[in-house]
Every structure is written in C-alpha cells, then in structure tokens.
Chemist: 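Mind looking over this structure? Questions follow.
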Amino acid sequence: MADEGGEFVDVLLEWYAENGRHDLPWRDPSASPFEIFVAELMLQQTSAEQVRGVYGEFVEQYPTAGTLLAAPEEDVAKAIEPLGLRKRTAYFRRASAQLLARHDGRVPDSRSELLNLHGVGEYTAASVLAHAYGRDASAVDTNVERVLARVFGSESAEPESSEMWDLSDRLAPAGRCDDFLHALIDFGAAVCTARDPNCESCPFEATCEY
DNA sequence: AATCCGGGGCC
DNA sequence: GGCCCAGGATT
C-alpha cells in the first residue's frame with residue numbers, strides 16, 4: 001500500500017509537470033501571501049478559469065489588506081461579481097479588517113490564526129499554509145477527495161472526509177506538498193472529473209479502483 | 001446534519 | 001433545465 005502510494009505520487013507529479021496549469025497567476029512564485037489568500041477565497045466553489053478572469057486586476061487594485069479595506073464596498077463587489085457568491089465581498093472586507101487588527105495586515109502562517117479569519121475553513125487554511133508558506137499541510141477539497149477515493153478505493157460507500165485528509169497526509173511528499181496539491185487538483189479538473197471522467201487518458205487506469 | 005449561496009460553463 | 005465549480009457560514 002505504501003509502495004503503491006509512492007508510485008502514485010511519482011506518476012502524479014510527472015503528469016503534473018507535463019499537463020499542469022502552470023500559468024495560473026496565483027501560482028507564480030512572486031505571488032505574495034496576501035495575493036494567494038485572495039485567490040483561495042475566490043476559488044471557493046468557483047472554477048479556476050472564472051477566477052483567472054478577475055484576479056489580475058483585483059490584486060493590482062488591492063495588493064494588501066489595507067488597500068482592500070480602504071476601497072468602497074461596492075467597488076469590491078463589482079470586481080468579483082462574475083464569480084457569484086456575493087457574500088465573498090464581506091469575506092474580503094471582514095478578513096482584511098481582521099488581518100489589520102490582529103496581524104499587522106499580514107497573512108498569518110499558523111493554522112489556528114488562519115481559521116479565525118472570516119471565510120477561512122480547514123481547506124483554505126491548509127491551502128494557504130502549503131502554497132503561501134511552503135508547509136507540508138495537505139488540503140482536501142471535493143476535487144481531491146474524489147480523486148483519492150477513486151484511485152485508492154473507499155471502504156465505505158460514503159467515504160469519511162477525515163479518511164481522505166489522513167490519506168493525503170500520508171501521500172504528500174515532504175517539501176513538495178505545494179506541487180502535490182496542485183497536481184491533485186489539476187488532475188481532478190482535467191482527467192478525473194466529477195462527471196464523465198477521462199479514464200482512457202489516465203495514467204492510473206490499470207490499478208484504479210474506480 | 002442540513003441548507004444556502006451564485007454566475008458561468010457544459011451538457 | 002440540472003449539475004458542477006480550489007467551501008464555509010449559518011441555523
């Protein structure tokens with residue numbers, strides 16, 4: 001099992017190197033923790049291509065918590081209107097206020113402090129740690145959960161989310177959690193899709209439980 | 001534990 | 001017309 005898992009990681013990272021979405025702006029190494037934080041809030045229940053359409057102008061106008069909070073609320077709302085979920089305007093404003101009040105306007109690098117920000121749950125907190133600070137923090141969204149459940153099979157028909165978090169923790173290669181998570185997400189979005197998965201071009205077709 | 005949010009893309 | 005999307009807040 002552990003051996004199979006190691007091979008899975010190697011093949012997945014190889015797939016990612018060739019087929020990953022390496023041009024997404026919030027994955028650029030120059031992206032600041034706040035810019036990555038902004039991307040994580042935008043990506044909640046929202047496709048990456050949708051976010052790409054508004055992200056660049058948004059972080060250019062609001063590169064910090066201070067600039068975002070100083071902007072008129074209606075301007076922020078209009079900037080993210082194409083993303084849906086209008087309550088995200090409140091997420092941005094309240095979280096920015098909390099960043100300024102508690103963390104001198106900076107994005108914290110601890111799980112507990114991230115969780116106390118409005119709009120940040122277990123997934124977003126772990127994702128920020130992995131992508132903004134290079135931590136080995138596995139973050140399992142519905143996309144990753146589906147991929148792992150299919151490839152490794154799930155004992156129960158309705159797999160416990162905690163099982164997938166543990167599995168992801170075990171699989172994540174030390175020091176490369178950042179790439180590993182992006183690879184899982186891209187693979188889930190391009191090949192192991194929710195409906196009508198592209199199994200014929202899947203490198204795990206031979207051993208996949210699905 | 002269940003419900004709600006939301007515009008856009010794709011059946 | 002229904003389902004899905006880098007989930008989380010609310011009840």
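Each chain gets a letter, A, B and so on, in the order the sequences are listed, and its residues count up from 1.
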Chemist: According to a strict under-4.0 Å criterion, is A:R195 in side-chain N/O contact with OP1 or OP2 of B:dC11?
Modeler: no
Chemist: If the condition is ring pair (Phe, Tyr, Trp, His ring centres under 6.0 Å), which residues does A:F187 pass it with, not counting sequence neighbours?
Modeler: A:W15, A:F204
Chemist: Is there a donor in the side chain of A:R170 and an acceptor in the side chain of A:S138, or the other way round, less than 3.5 Å apart?
Modeler: no
Chemist: Below 4.0 angstrom, N of the basic side chain to O of the carboxylate: do A:D23 and A:R52 qualify?
Modeler: yes
Chemist: Say you pick atom P in B:dG8 and the same atom in C:dG8; how far apart are they, in whole Å?
Modeler: 23 Å
Chemist: Which residues pass the ring pair (Phe, Tyr, Trp, His ring centres under 6.0 Å) test with A:W26, sequence neighbours left out?
Modeler: A:Y55
Chemist: May I ask you to decide if the ring planes of A:F152 and A:F8 are parallel, tilted or perpendicular, using 30° and 60° as cut-offs?
Modeler: perpendicular
Chemist: Each nucleotide in nucleotides 5-11 of chain C should get exactly one letter: B, S or -. Can you fill that in based on protein heavy atoms under 4.0 Å?
Modeler: BBBBSS-
Chemist: Distance check, P atoms only: B:dT3 and C:dC3, in whole angstrom units.
Modeler: 14 Å
Chemist: Near DNA chain B, counting only heavy atoms under 4.0 Å, which residues of residues 77-84 of chain A show up?
Modeler: A:E81, A:P82, A:L83, A:G84
Chemist: Could you tell me which residues satisfy salt bridge (Lys or Arg N to Asp or Glu O under 4.0 Å) with A:D179, sequence neighbours excluded, listed by chain and number?
Modeler: A:R176
Chemist: Could I get the full list of side chain to side chain contact (heavy atoms under 4.5 Å, CB included) partners for A:H118, not counting sequence neighbours?
Modeler: A:Y91, A:R94, A:Q98
Chemist: Do A:E40 and A:T124 have a side chain donor and acceptor closer than 3.5 Å?
Modeler: no
Chemist: Which value, in whole Å, describes the distance between the P atoms of nucleotides B:dC4 and C:dA6?
Modeler: 23 Å
